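Below is one structure, written out as structure tokens; comments come after it.
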Amino acid sequence: EMKIEEEFIASNSPLKGDQIQHKKGANEVWQRQFGLSRPGEGRTPYLFAPNIGSCVGLTLYDPKTKTGLVAHFDSFTEVDVSFNIIFDYLKRAGVDIKDLKARIIGGMTGKSEELVSNIQNELKKRKIPIVESDILGDIPRSIMMDTNTGKVEVYDFGSIIFPSKY
């Protein structure tokens, strides 16, 4: 089993204190990156994907191991290759793929339909349910995941748009 570390393919630069006050220390996940974490051993339980405009954010959560993943796809991302890498990391982290729940967030109408479709197709191939989505439109978003609970919050420039229902 892979040991979960604070450093992943994603950047691990902490948020500044004046940003989203109640989630200080979150690991940031920028374009074409993903972050993987679970609570414990001094790790931050928070994963944060800022500035998702025409990009699309994907969250995956395993409630049994409390392992969370946030991926930040852009139009240059090879979605199928990225999913293979992501699922390799999840398996090495001891996650049973059948326990995962997905959320898809972001994208802009007229720019991101193909990216959203590719992500949905990869999830369907792996039989991972999408429990929530907030896709397309014209509002840039940011995503915060708490791996203690699997809760996902979507922000519009620091203000919560909606908290996750799951």
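Just so we're clear, the structure is a prediction, and the values are computed from it rather than from any experiment.
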Taking side chain to side chain contact (heavy atoms under 4.5 Å, CB included) as the test, write out the residues that go with [X], two or more places apart.
X: Pro63; result: Tyr61
X: Ser75; result: none
X: Pro50; result: Trp30, Phe48, Ser142
X: Asp99; result: Asp62, Lys64, Asp96

Original post:
When you look at Ile86 and Leu90, which way does the side-chain contact (heavy atoms from CB on, under 4.5 Å) test go after all the steps?
Top reply: CA-CA 6 Å; Ile86 286 168; Leu90 288 167; 3.9 Å; yes
**OP:** Output yes when Lys151 and Glu153 qualify as a salt bridge under the 4.0 Å nitrogen-oxygen rule, no when they do not.
**Re:**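 Glu153 and Lys151: salt-bridged.
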I'd like to know if the side chain of [X] and the backbone of [Y] have a donor-acceptor N/O pair within less than 3.5 Å.
X: Ser37; Y: Thr44; result: yes
X: Ser112; Y: Ser54; result: yes
X: His72; Y: Val29; result: yes
X: Thr147; Y: Pro45; result: yes

Original post:
Can we call the ring centroids of Phe34 and Phe73 under 6.0 Å apart?
Top reply: no
Subject >> Worked verdict on Asp138 versus Thr109 for side-chain contact (heavy atoms from CB on, under 4.5 Å) >> reply: CA-CA 7 Å; Asp138 59 359; Thr109 301; over 6 Å; no
Original post:
side-chain contact (heavy atoms from CB on, under 4.5 Å) between Val79 and Leu115: does it pass, once the steps are laid out?
Top reply: CA-CA 8 Å; Val79 175; Leu115 182 56; 3.7 Å; yes
Which atom of [X] lies closest to which atom of [Y], heavy atoms considered:
X: Met145; Y: Thr59; result: CE-CB, 3.6 Å
X: Gly107; Y: Ile52; result: N-CG2, 4.4 Å
X: Arg32; Y: Phe76; result: NH2-O, 3.7 Å
X: Met108; Y: Ile139; result: CE-C, 3.9 Å
X: Leu136; Y: Arg141; result: O-NH2, 2.5 Å

Original post:
Do the non-hydrogen side-chain atoms of Asp88 and Phe83 ever get within less than 4.5 Å of each other?
Top reply: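 No, too far: nothing below the 4.5 Å cut-off.
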List for me each residue that meets side chain to side chain donor-acceptor pair (under 3.5 Å) alongside [X], sequence neighbours excluded, and say none if there are none.
X: Asp80; result: none
X: Asp74; result: Gln31, Thr77
X: Gln120; result: none

[atom2] on [Y] to [atom1] on [X], rounded to 0.5 Å:
X: Leu58; Y: Ile105; atom1: CG; atom2: CD1; value: 9.0 Å
X: Leu36; Y: Leu47; atom1: CG; atom2: CG; value: 7.5 Å
X: Asp134; Y: Arg103; atom1: CG; atom2: CZ; value: 12.0 Å
X: Ser117; Y: Lys124; atom1: OG; atom2: NZ; value: 10.0 Å
X: Leu100; Y: Thr65; atom1: CG; atom2: OG1; value: 8.0 Å
X: Leu60; Y: Leu123; atom1: CG; atom2: CG; value: 6.5 Å

Original post:
Do Val81 and Ile119 share a hydrophobic cluster, counting only Ile, Leu, Val, Met, Phe, Trp and Tyr and linking them when any side-chain heavy atoms are less than 4.5 Å apart?
Top reply: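 Yes, because Val81 and Ile119 connect within a single hydrophobic cluster, where side-chain heavy atoms sit under 4.5 Å apart.
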**OP:** Answer yes or no: does atom CD of Glu113 have more than 12 heavy-atom neighbours from other residues, nucleotides or ligands under 6.0 Å?
**Re:**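 Yes, the 6.0 Å shell around CD holds more than 12 heavy atoms from other groups.
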